[in-house]
Enquirer: 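Let me give you the structure first, and then I'll get to my questions.
Each chain gets a letter, A, B and so on, in the order the sequences are listed, and its residues count up from 1. Owing to the predicted nature of the structure, the values given are computational and were not obtained by experimental measurement.
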Amino acid sequence: MDNKKVADVLDDIGDMLEIMDQSRFRYLAYHRASQVIRSMPRDLEEVRRDEGLTSIKGIGSGIAEKLNELLDTGQMSYFEELKKSLPGSLTEIVHIQGIGPKKAKIFYEKLGIETIDQLEEAVAVGKIQELPGMGVKTEENIERGLEVYRGYEGRLLLNQAIPIAEHIIDYLNRDGLVDNISTAGSLRRWQETIGDIDVLASTRRHSEVADKFCTYPETSSVLAKGDTKCSILLHSGLQIDLRMIDPEHYGAALQYFTGSKAHNIHLREIVKKKGLKLNEYGLFRIKDDMNIAAKTEEDIYKALGMTLMEPELREDKGEIEAAIDGSLPHLVKLVDIKGDLHIHTKASDGQSSLEEIADNCQELGYEYACITDHAFDLKVAHGLDVKRFEDQWKEIDELNKAFDDFTLLKGVELNIDNKGGVDFDDDFLGRYDVVLASIHMGFGQSKDQITDRIIAAMENPHIDMVCHPTGRILGRRPPYSINMDKIIEAASRTRTFLELNAFPDRLDLSDDQLRAAKQAGSKIAINTDAHHFYHLAYMRYGLHTAKRGWLEKEDVVNTFTLEKLKKLLVK
DNA sequence: GCCGTTTTCGGCCCGACTGTTTTCAGTCG
């Protein structure tokens, strides 16, 4: 049973306990445990075997006992018992916007509603507005919540969300109503997918900004409109939240609305112990309500004895402790990147020429770029054979003659076949500057088989890097099952780089996996896997994901000069 | 149900908006 499934069970239990009106702290404990397990890069089974479940922060003896049963038998009697007193499908209903545990419980008890379909029927015949404490408006809100739920179950990728956010910010910025404006929430933390877009504006003209925001051209409905916050729903179903704040509180509000929720909760626990209070208006002394800091985020963290944490780190994964003892990482920056090591051209399945790639990489200020077309094994991608690669190398040599401070490298993306073999023999592989290998087929194999295939490739002295190691496509394809601990261990032992594929629907390795790789001493390459020169700009999505993985400049091989990189490429 | 550099018991983050009802509960982030 994988971590996600275990986390889902814990979340369901948390939701059910909340519907049953159990102690808030009890159901929060389940959600907290779920969150920890969900973001853990290591297999829960292995942690259990090596260190025991209670070594995980947020899992105590109670939850550990229940998880032991779940991992051993595939069932948890406590969960099964809960489902006898309450239909499990109610946990689905509380995920609809506007419906929380209290309403879900009323629907169930008064109308016998157990499923979303039944809820839809009840809304259609006007049953909801007859319930105690509810009216026509409530029913309309639920109807809208259902529409959103049905029509917009997916989350946006970063390259979809960022342009929308930038457009709205530009729209609000246009006529001087706002002093300062920024994204906040998951978008500012560069989370890999985005559920809604948060925007924070500092202004003295709250109601004018609110009016302008609520008449944004793409708006389908206004969900809430006040002097400090407004929410709109776009025709696409995407929700945008705007917070307005006076300029002197901007830093406090930015800190507050950037989150994450877990980061803020942890922070406020510390704040409280110091006799202070932190909210979106600032940091205050409780005894006399004196404002201690509010203008910038840095002021607030500084007043708490912490160095400023970049938004990507704010997930309550140890950054607060590190900020207190001064051990925060010096995160890699976009200007550190000196090249891109995974690029396709129209020779295989890309769309741009060598010249176009070289021109655009030089514009980005790179020192080098590696052309890595597919090899002949990958027929669907028009993979190149020996002859065509040799022709490409001649072209590259010609181009390189004309460059001053830039070099095109000769590379290949090999296909790791179902037994761990690759397209070419060792002699030929020795002629490339950089050899990448990745899995493009045989996703259905067992965890051990796929893990062994990748490790076999890493053992090959000519293979420098394993690309998109988990194979996931966000929103479309789950990662294939691999033992990430073993992969990371083998990468570090064989000195094979692991890729952080910056393509916004991959971001593979993920933030948590990157951090585990760094801790094991593996080196990472952030590559775009560009199939068009436009894609070279995707480097920023990889970069921010790298920051979420706590990576520093020296962890990332394509921050090195070509000279240093070449030394590392010798295994 | 979890946790401990004030605690193995007694705590556990904070505020805005909505809808419904007249002072607040529910929901959200």
Side-chain angles (χ1 to χ4, degrees), chain A residues 10 13-14 17-19 21-36 53-67 78 93-107 128-129 131-142 144-145 184-189 195-200 206 210 214 222-231 239-245 249 252-253 255-284 286 305 316 321 324-325:
Chain A
L10 292 174
I13 292 175
L17 293 175
E18 195 176 357
I19 295 167
D21 214 13
Q22 297 266 329
S23 149
R24 185 169 153 251
F25 304 110
R26 195 152 167 241
Y27 65 73
L28 283 178
Y30 280 93
H31 285 306
R32 217 178 254 211
S34 164
Q35 194 203 351
V36 174
L53 291 175
T54 51
S55 71
I56 302 167
K57 200 169 171 241
I59 297 185
S61 57
I63 291 180
E65 197 181 319
K66 295 180 178 82
L67 287 184
Y78 180 63
I93 291 181
V94 298
H95 291 148
I96 294 169
Q97 202 168 45
I99 300 179
K102 297 291 189 292
K103 287 202 177 86
K105 195 178 179 196
I106 292 173
F107 297 157
I128 301 295
Q129 54 178 291
L131 291 170
M134 299 189 205
V136 180
K137 288 268 193 182
T138 311
E139 192 167 87
E140 283 171 6
N141 281 341
I142 289 170
R144 195 160 51 198
S186 55
L187 200 57
R188 184 164 181 247
R189 300 195 313 278
D196 60 15
I197 291 178
D198 293 304
V199 177
L200 174 72
H206 291 222
C214 292
V222 176
L223 298 175
K225 188 181 179 189
D227 264 352
T228 63
K229 61 186 269 196
C230 302
S231 294
Q239 183 175 327
I240 319 283
D241 294 334
L242 172 71
R243 323 286 180 144
M244 289 161 285
I245 194 95
H249 301 135
Q255 191 289 318
Y256 188 96
F257 293 120
T258 296
S260 67
K261 194 174 172 181
H263 173 91
N264 281 353
I265 289 174
H266 188 172
L267 198 63
R268 274 173 251 150
E269 280 167 5
I270 292 172
V271 166
K272 199 171 177 181
K273 281 180 193 149
K274 290 179 187 278
L276 305 172
K277 183 178 72 167
L278 180 64
N279 57 30
E280 60 262 57
Y281 302 107
L283 183 65
F284 300 90
I286 287 177
D316 193 25
E321 292 79 357
I324 291 170
D325 67 24

Enquirer: Might you work through the side chain to side chain donor-acceptor pair (under 3.5 Å) test for A:Glu280 and A:Gln255, ending with a clear yes or no?
Expert: CA-CA 8 Å; A:Glu280 60 262 57; A:Gln255 191 289 318; over 6 Å; no
Enquirer: Between A:Gly60 and A:Lys137, which has a closest nucleotide on DNA chain B that is more 5'?
Expert: A:Gly60
Enquirer: Return whichever of A:Ile286 or A:Cys230 has its heavy-atom-nearest nucleotide of DNA chain B closer to the 5' end.
Expert: A:Ile286
Enquirer: A:Tyr256 near the nucleic acid: base, sugar-phosphate alone, or nothing, with a heavy-atom cut-off under 4.0 Å?
Expert: base
Enquirer: May I ask you to say what A:Tyr27 touches in the nucleic acid, namely base, sugar-phosphate or nothing, with a heavy-atom cut-off under 4.0 Å?
Expert: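 Touches nothing.
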Enquirer: Start with the C-alpha gap between A:Asp316 and A:His266, add the side-chain angles, then the distance that decides, and say whether side chain to side chain donor-acceptor pair (under 3.5 Å) holds.
Expert: CA-CA 7 Å; A:Asp316 193 25; A:His266 188 172; 2.6 Å; yes
Enquirer: Separation of A:Lys272 atom NZ from B:dC14 atom C1', in whole Å?
Expert: 10 Å
Enquirer: Within this structure, what is the CG-to-P distance between A:Asp227 and B:dG15, rounded to whole angstrom?
Expert: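 About 18 Å, once rounded to whole Å.
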Enquirer: Please work out if A:Lys103 contacts a base, only the sugar-phosphate, or nothing of the nucleic acid, heavy-atom cut-off 4.0 Å.
Expert: sugar-phosphate
Enquirer: Provide the distance between the two P atoms, one in B:dT27 and one in B:dT20, to the nearest whole Å.
Expert: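 B:dT27 and B:dT20 have their P atoms separated by 13 Å.
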Enquirer: Could you tell me the separation between the CD atom of A:Glu280 and the P atom of B:dA16, rounded to a whole number of Å?
Expert: 6 Å
Enquirer: Mind checking A:Arg243 for me? I need base, sugar-phosphate or nothing, with any heavy atom below 4.0 Å counting as a touch.
Expert: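 Sugar-phosphate contact only.
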Enquirer: NA contact type, A:Leu28, heavy-atom cut-off 4.0 Å: base, sugar-phosphate, or nothing?
Expert: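 Contact class for A:Leu28: none.
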Enquirer: Report the distance from atom CD1 of A:Ile265 to atom C1' of B:dG11, rounded to the nearest whole Å.
Expert: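 Value for this atom pair: 15 Å.
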Enquirer: Please work out if A:Lys105 contacts a base, only the sugar-phosphate, or nothing of the nucleic acid, heavy-atom cut-off 4.0 Å.
Expert: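 A:Lys105: no heavy atom of the nucleic acid under 4.0 Å.
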Enquirer: Just to be sure I understand the rule, does A:Val222 reach a base, reach only the sugar-phosphate, or reach nothing, if contact means heavy atoms closer than 4.0 Å?
Expert: nothing
Enquirer: Quote, to the nearest angstrom, the C1' distance that separates B:dG11 from B:dA16.
Expert: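 Here B:dG11 and B:dA16 have their C1' atoms 26 Å from each other.
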Enquirer: For A:Leu278, answer base if it contacts any base atom (sugar-phosphate contacts may also be present), sugar-phosphate if it contacts only those atoms, and nothing otherwise; contact means non-hydrogen atoms under 4.0 Å.
Expert: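 Since only primed, P, OP1 and OP2 atoms lie under 4.0 Å of A:Leu278, the category is sugar-phosphate.
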Enquirer: With rounding to whole Å, what would you report as the distance between B:dT23 and B:dC28 at their P atoms?
Expert: 25 Å
Enquirer: Rounding to an integer number of Å, can you tell me how far A:Asp198 CG sits from B:dC28 P?
Expert: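 After rounding, the reported distance stands at 15 Å.
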Enquirer: Looking at every strand, decide which applies to A:Asn279 at a 4.0 Å heavy-atom threshold: base, sugar-phosphate, or nothing.
Expert: sugar-phosphate
Enquirer: Expressed in angstrom and rounded to an integer, what is the separation of A:Lys229 atom NZ from B:dT27 atom C1'?
Expert: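 One finds 9 Å between C1' of B:dT27 and NZ of A:Lys229, rounded.
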Enquirer: Would you indicate what A:Ile96 reaches in the nucleic acid, counting non-hydrogen atoms under 4.0 angstrom: base, sugar-phosphate, or nothing?
Expert: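 It contacts sugar-phosphate atoms only.
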Enquirer: Say you pick atom C1' in B:dT6 and the same atom in B:dG1; how far apart are they, in whole Å?
Expert: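 Going atom to atom, C1' in each nucleotide, I get 23 Å.
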Enquirer: When you check the gap from the basic side-chain N to the acidic O, do A:Asp21 and A:Lys102 get nearer than 4.0 Å?
Expert: yes
